[in-house]
2 protein chains.
Amino acid sequence: MKVLSNASNYGLRALLYIVSRKKQGDAYVSLREISEELDISFHFLTKTMQLLTQGDVLVSYRGPNGGIALKRPAEEIMLIEVVKILEGHDFFDTCMLGLEGCDDCNPCPVHHLWKEIKGKVKHDFATTSLAMMGQRIVSENLRLVP
Amino acid sequence: MKVLSNASNYGLRALLYIVSRKKQGDAYVSLREISEELDISFHFLTKTMQLLTQGDVLVSYRGPNGGIALKRPAEEIMLIEVVKILEGHDFFDTCMLGLEGCDDCNPCPVHHLWKEIKGKVKHDFATTSLAMMGQRIVSENLRLVP
DNA sequence: CCGATTTAAGACTATTTTATCTTATTTAAT
DNA sequence: ATTAAATAAGATAAAATAGTCTTAAATCGG
């Protein structure tokens with residue numbers, strides 16, 4: 001039940017790394033550090049993070065001691081925003097059977113079932129901020145790497 | 001939030017077509033009919049249905065008036081069986097962030113959240129039979145095509 | 001200014017998924 | 001037997017995803 005592309009996967013993990021990083025206080029976190037800490041291809045990660053920069057979640061800074069940083073407070077960035085940028089804004093509007101225009105008025109046979117699931121995921125993602133995740137990761141010592 | 005491959009998608013729709021087909025009574029339903037009715041590539045559908053034949057869900061018969069048929073009563077075939085054959089048997093054991101060995105003992109940051117979702121989908125799929133779906137499709141006149 | 005560091009951007013390659021095409025093989029009907 | 005109808009199987013092609021590599025642009029420190 002793979003629901004996220006590798007790009008989103010890496011993007012989320014990178015953001016969670018930033019908000020749960022031991023060494024806080026740096027203005028910017030370098031992509032090299034993230035790719036090494038999380039064991040993600042540097043160039044691929046770079047491209048993904050560019051999407052988040054363009055998507056208003058990150059700011060980047062070039063040059064020595066440059067890197068990326070959250071553009072807004074971690075409390076204000078919800079998981080749903082990240083996923084929508086990386087997976088597309090129709091991420092939560094899909095039909096499980098791939099039928100166009102499947103909705104309450106014109107449902108597919110599993111619409112009722114899938115709608116509930118999608119709704120729950122959407123709600124979870126919409127109410128969970130990077131800040132909340134960061135706190136949990138630190139306090140419960142959760143992992144971001146294989 | 002695409003969770004099924006096109007193969008599973010077609011496979012499920014084909015099975016649902018069979019159990020909700022107007023013209024019941026035929027020993028076998030031809031793949032040509034299914035592919036035309038559901039607007040699915042004939043050859044791709046064929047390969048998918050072969051997996052279900054090998055997977056003990058369907059039987060096939062060649063020659064004139066041949067086709068495929070459920071190997072067991074529709075009441076006994078749960079959606080989960082179909083999905084596991086087409087998506088792999090570890091379909092419900094994945095980590096949302098793609099981390100190996102993510103489980104209750106060694107969870108990723110979204111494990112608790114994802115576990116609940118996976119559990120619900122798994123439960124739904126494990127308790128819904130093709131027969132139940134077929135009845136709903138007929139009685140509520142649900143669609144299987146775009 | 002110059003060189004080192006770092007992200008940005010685009011070209012390129014590899015892998016997986018999806019789809020198509022061709023050739024068997026089985027079966028029924030004549 | 002022969003022909004047509006149907007699935008089985010494998011080769012090939014196209015498209016999407018994933019990953020790599022190279023070059024450009026920005027920034028800092030000397």
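Proteins get letters first, then strands, A, B, ... in listed order; numbering begins at 1 in each.
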Check this one for me: any side-chain N or O of [X] less than 4.0 Å away from OP1 or OP2 of [N]?
X	N	result
Gln50(B)	dT7(D)	no
Ser60(A)	dA8(C)	yes
Gln54(A)	dA9(C)	yes

Among residues two or more places apart or on two chains, list those pairs meeting side-chain hydrogen bond (donor to acceptor under 3.5 Å, both in side chains) that have a residue in residues 58-82 of chain B.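 Sorted pair list: Asp56(B)-Lys71(B), Arg72(B)-Glu81(B).
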*Is there a donor-acceptor contact under 3.5 Å from the side chain of Thr94(B) to the main chain of Met1(A)?*
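Yes, the answer is positive, given that a donor and an acceptor are paired below the 3.5 Å cut-off.
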Nucleotide by nucleotide, nucleotides 18-30 of chain C touches protein heavy atoms under 4.0 Å in the pattern (B base, S sugar-phosphate only, - none) SBBBB--BBBS--
Could you state the atom-to-atom distance from [atom1] of [X] to [atom2] of [N] in whole Å?
X	N	atom1	atom2	value
Asn9(A)	dT17(D)	CG	C1'	13 Å
Leu86(A)	dA16(D)	CG	C1'	17 Å
Tyr28(B)	dA5(D)	OH	C1'	15 Å
Arg32(A)	dT20(D)	CZ	C1'	12 Å
Asp26(B)	dT7(D)	CG	P	12 Å

* **Basic-acidic side-chain contact under 4.0 Å: Arg21(B), Glu37(B)** => no
Is there side-chain contact between Trp114(A) and Asp124(B), with at least one heavy-atom pair below 4.5 Å?
no
Checklist entry - Do Pro109(B) and Leu144(A) come within less than 4.5 Å of each other through their side chains, counting heavy atoms only? => result yes
Worksheet item: Do Asp104(B) and His111(B) have side-chain N/O donor and acceptor atoms under 3.5 Å apart?
Response: yes
Once you apply a heavy-atom cut-off of 4.0 Å, does Glu33(B) come out as touching a base, just sugar-phosphate, or nothing?
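The residue Glu33(B) makes no contact with any strand.
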